[in-house]
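Naming convention: chains lettered A, B, ... in sequence-line order (proteins, then strands); numbering from 1 in each chain.
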Protein chains: 2
Amino acid sequence: MNKIILKTQLLYSEMGKSEKKVADWLISHPGDNLPMSISELAELCESSESTIVRFARRLGFSGYGELKICVAGEQEKKVVLPTINENDSCFEILEKICNDAYLSFERTKRTIAPENIAAAANLIASAGKTVLIGLGSSASVAQDAANKFLRAGYSAYSYGDTHMQMIAASHMKEGDVLIGVSQSGASKDIVEALKFAKSRGISTICITGTDKSPIMKQSDIVLLTDTEETKHSSLALSSHLSRLVVIDSLCYYLVYRNEENGTGLDEENENNLRSKRVNE
Amino acid sequence: MNKIILKTQLLYSEMGKSEKKVADWLISHPGDNLPMSISELAELCESSESTIVRFARRLGFSGYGELKICVAGEQEKKVVLPTINENDSCFEILEKICNDAYLSFERTKRTIAPENIAAAANLIASAGKTVLIGLGSSASVAQDAANKFLRAGYSAYSYGDTHMQMIAASHMKEGDVLIGVSQSGASKDIVEALKFAKSRGISTICITGTDKSPIMKQSDIVLLTDTEETKHSSLALSSHLSRLVVIDSLCYYLVYRNEENGTGLDEENENNLRSKRVNE
DNA sequence: AAAAACCTGAAATAAATTTTCAGAACGAAA
DNA sequence: TTTCGTTCTGAAAATTTATTTCAGGTTTTT
């Protein structure tokens, strides 16, 4: 996995026409060392020196010199082209999915509002109990989250069927938190449940990958993850992973908070769990 | 092994006093990247620009620029393990978790046997039905996988409680596949279920993060993911993600296989799902 | 259709690298 | 110790390379 090329792909859509020529050249010459000088590269890319400097800056380098050095540093790693096609072996697909996940994480870091994650974590930390709901693959995200939160010492539960979700919502009290997970942000039952909870004074959080979606209106705190349309199919693999890392970061934060109160994942407890092999 | 340093040592005796200062600096700063400019380095070595150029030429480079690039290329990409500490903000934790996930993917790609993924995919593709079992966070991996496999057009089911797992196993037939997910590879109930199935001629696959673990003995095909010990706690966040990307790659492969038979994720079906907002 | 925002490359400027060269340091021979 | 020749060195000049600026062009917005 070549980080420079991945980053190039990540930022490709934000580039101008001429900058894209530079990007294209880089992507199509993965193994190559950069030609020694900026002028040479400018000529190869049919672009200008200034454009190349701008390109390097966009990727986060101080200038062309730094880019050149980093490209040399990434050398031997072979690059995997992004789109999966039907002749790929399973392993090639795995490589592409890992790349895709990396890009999705990068997009998530740019999309999510840091203050909102903090607010969500603090809300969960001080909540009476936390309920997570989602459908389909979002149900397993919700389940995973509940699992981890509970482990970290917080009362958390997840429900994957719409009846149970509504029942759970109706038994929540002020001071509790309801977290709705929905990639589309439009799953009717989830939105309804959040709306119902909100009307009763219960705090609501959503984790979604779609900006300006219905679920956002029903949520006190919005955690917006990778919003890139998935090109392939509704399997939406990498966005699923992005939602998980957001959960994981909340979870870690909560672990540390709880450790301060002495109710966290303490040694003894964890060793207990491990000896019973419930560590997964 | 750093070739440039070796070469420096080889030629050390032929160098002048000032050139040796450059050599000494290089040898005593093996990990470092070269400072950006030749003047900076000259100052650090208490020497001059021209001496450095001569030094670079002696090692066989065309000049300082080439030396700089090659040093960068030889740099051991020592990865800084981003340990999370208690003063990190939620967003910082998110960044570290993403890094950790990236590393975990890299490890998984190195650990997993490409031919085993292919074998697993083919087994699932030709199986009557596929059952996935796991406990704790592995249960949500299993659930997620079943969800996706089913979506891709394969009969797949997951069970998260030990009774149901055993019942399901006992109703499986030859030609079916049982997939056990277990990070430790030692969860007694999962291992037992696989053993039982295997004894009845059912194909077994395991997805585990622990080499030489009990579950491997009961599995026809082993998918070994990131085996790095998690330093933090048994939350084992990133290894969880690694297991998911393995699932995802199987799943993608199966989608393509099914498309060939015309039973895959076809447009119409997917649009249908989308219009009902069950795309997650 | 006008205005604003943005992208681009030629040229000017700045910075880094390489070369040149005069003198210092060392060694061998007288 | 002196003298000559060789090698090594660094300051400064020359050259190459990188960066910034700016005016003109393009696209987007209003």
Side-chain angles (χ1 to χ4, degrees), chain A residues 4 7-29 32-74 110 211-212 227 229, chain B residues 4 7-29 32-75:
Chain A
I4 291 178
K7 206 152 195 181
T8 305
Q9 287 168 344
L10 178 71
L11 298 167
Y12 193 79
S13 60
E14 298 174 15
M15 295 178 193
K17 206 165 62 178
S18 187
E19 238 170 294
K20 276 180 182 161
K21 283 195 220 162
V22 183
D24 289 337
W25 189 92
L26 240 178
I27 290 171
S28 59
H29 294 74
D32 294 21
N33 243 324
L34 247 28
M36 278 312 279
S37 81
I38 196 172
S39 335
E40 253 181 289
L41 180 60
E43 197 169 345
L44 281 170
C45 299
E46 298 178 311
S47 151
S48 68
E49 286 93 334
S50 36
T51 299
I52 288 171
V53 172
R54 278 187 291 259
F55 172 82
R57 298 255 162 88
R58 191 190 293 279
L59 298 207
F61 300 103
S62 70
Y64 178 65
E66 213 173 281
L67 169 68
K68 198 164 55 174
I69 284 188
C70 287
V71 166
E74 301 236 336
R110 300 157 127 240
D211 202 4
K212 303 187 177 78
T227 58
E229 279 292 318
Chain B
I4 291 177
K7 205 153 193 178
T8 305
Q9 286 167 339
L10 180 69
L11 299 167
Y12 193 80
S13 58
E14 301 174 13
M15 296 177 194
K17 206 164 65 177
S18 190
E19 234 171 298
K20 277 179 181 162
K21 284 196 219 164
V22 184
D24 289 339
W25 189 93
L26 235 173
I27 291 170
S28 60
H29 294 75
D32 293 22
N33 247 325
L34 251 25
M36 276 313 281
S37 80
I38 196 172
S39 334
E40 254 181 285
L41 181 60
E43 198 169 346
L44 281 169
C45 300
E46 297 176 311
S47 152
S48 68
E49 286 93 332
S50 35
T51 299
I52 288 171
V53 172
R54 277 188 290 261
F55 171 83
R57 298 255 163 88
R58 191 189 293 278
L59 298 205
F61 301 103
S62 71
Y64 178 64
E66 212 173 283
L67 170 67
K68 199 163 56 173
I69 283 188
C70 287
V71 167
E74 298 233 337
Q75 230 44 264

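Legend: residues meeting salt bridge (Lys or Arg N to Asp or Glu O under 4.0 Å) with E14(B), ordered by chain and number and at least two apart, are R58(B). By the side chain to side chain donor-acceptor pair (under 3.5 Å) test, S62(A) is found to be paired with E66(A), residues two or more places apart in sequence or in another chain being considered. The side chain to side chain donor-acceptor pair (under 3.5 Å) check on D24(B) picks up Y12(B), with sequence neighbours excluded.
Rounded to whole angstrom, the span from the CZ atom of F61(B) across to the C1' atom of dT17(C) amounts to 16 Å. Taking atom CD1 of I52(A) as the reference point, atom P of dC7(C) lies 17 Å away to the nearest angstrom. Separating the CD1 atom of I69(A) from the C1' atom of dA16(C) is a distance of 12 Å, rounded to the nearest angstrom. Following rounding to the nearest Å, E43(A) (CD) and dA10(C) (C1') show an atom-to-atom distance of 15 Å. Counting to the nearest Å, the C1' atom of dC7(C) and the CE atom of M15(A) are 14 Å from each other. As a whole-Å value, the separation of E19(A) CD from dT27(D) C1' is 16 Å. For E14(A) and dT27(D), the CD to P distance is 19 Å, given to the nearest whole Å. As a whole-Å value, the separation of K17(B) NZ from dG27(C) P is 10 Å.
Atom OG of S48(A) sits about 9.0 Å away from atom NZ of K21(A), to the nearest 0.5 Å. For the atom pair CG (L41(B)) and NZ (K68(B)), the distance works out to 10.0 Å, reported to the nearest 0.5 Å. Going from atom OG1 of T51(A) over to atom NZ of K20(A) covers 13.5 Å, rounded to the nearest 0.5 Å.
Looking only at side-chain heavy atoms (C-beta outward), V71(A) and F61(A) stay at 4.5 Å or farther from each other.
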Inset, instruction - Encode nucleotides 10-21 of chain D as B, S and - characters from 5' to 3', where the letter depends on protein heavy atoms closer than 4.0 Å: B to the base, S only to sugar-phosphate, - to neither. - result: BB-----SSBBB
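For the salt bridge (charged side-chain N to carboxylate O under 4.0 Å, His left out) condition, no pair includes a residue of residues 46-56 of chain B, sequence neighbours left out.
One axis for each end of the helix from dA1(C)-dT30(D) to dA30(C)-dT1(D), each built from five base pairs, and the angle between them comes to 20° at 10° resolution.
Other residues, nucleotides and ligands contribute at most 12 non-hydrogen atoms within 6.0 Å of the CD atom of E43(B).
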